[in-house]
Amino acid sequence: MGQLRVASSADGTVVLGWDMTAALAMAQALGVDSLIAAECLPVIEAVMVRKFNEQRAADDRASPPRG
């Protein structure tokens, strides 16, 4: 998870966002125009963060309690 910004608490780990420096470097390495990447990545990031956290919460509800 080196490219993700996460926070941990007693309730589990929550994804806050991407490491945009890493994301922009990957986009550049793939030949994506920097301006396009800078415009599109925050929108994509917002959807990914929301869906990732929704999935994590669903997985937590589906798994048996730890202890």
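As the structure is a computational prediction, the values presented were derived from the model and not from experiment.
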Please answer: with hydrophobic residues joined when any side-chain heavy atoms are less than 4.5 Å apart, are Phe52 and Met20 in the same cluster?
yes
I need the minimum non-hydrogen distance between Ala38 and Pro42, along with the two atoms involved.
O-CD, 3.2 Å
State, with a plain yes or no, whether a side-chain heavy atom of Arg5 is found less than 4.5 Å away from one of Val15.
no
Taking only residues two or more places apart in sequence or in another chain, which ones pass side chain to side chain donor-acceptor pair (under 3.5 Å) with Arg56?
Asp60
State the CD1-CD distance between Ile44 and Glu39, to the nearest 0.5 angstrom.
11.5 Å
Rounded to the nearest 0.5 Å, what's the gap from CG on Leu4 to CD on Glu45? Could you check?
9.5 Å
CG of Asn53 to CG of Leu16, rounded to nearest 0.5 Å, is 8.0 Å
Measure the CD-CG distance between Glu54 and Asp59 for me, rounded to the nearest 0.5 Å.
12.0 Å
Is there a path of hydrophobic side-chain contacts, each under 4.5 Å between heavy atoms of I/L/V/M/F/W/Y residues, joining Leu24 to Met48?
yes
Same apolar cluster: Val49 and Trp18, side chain cutoff 4.5 Å
yes
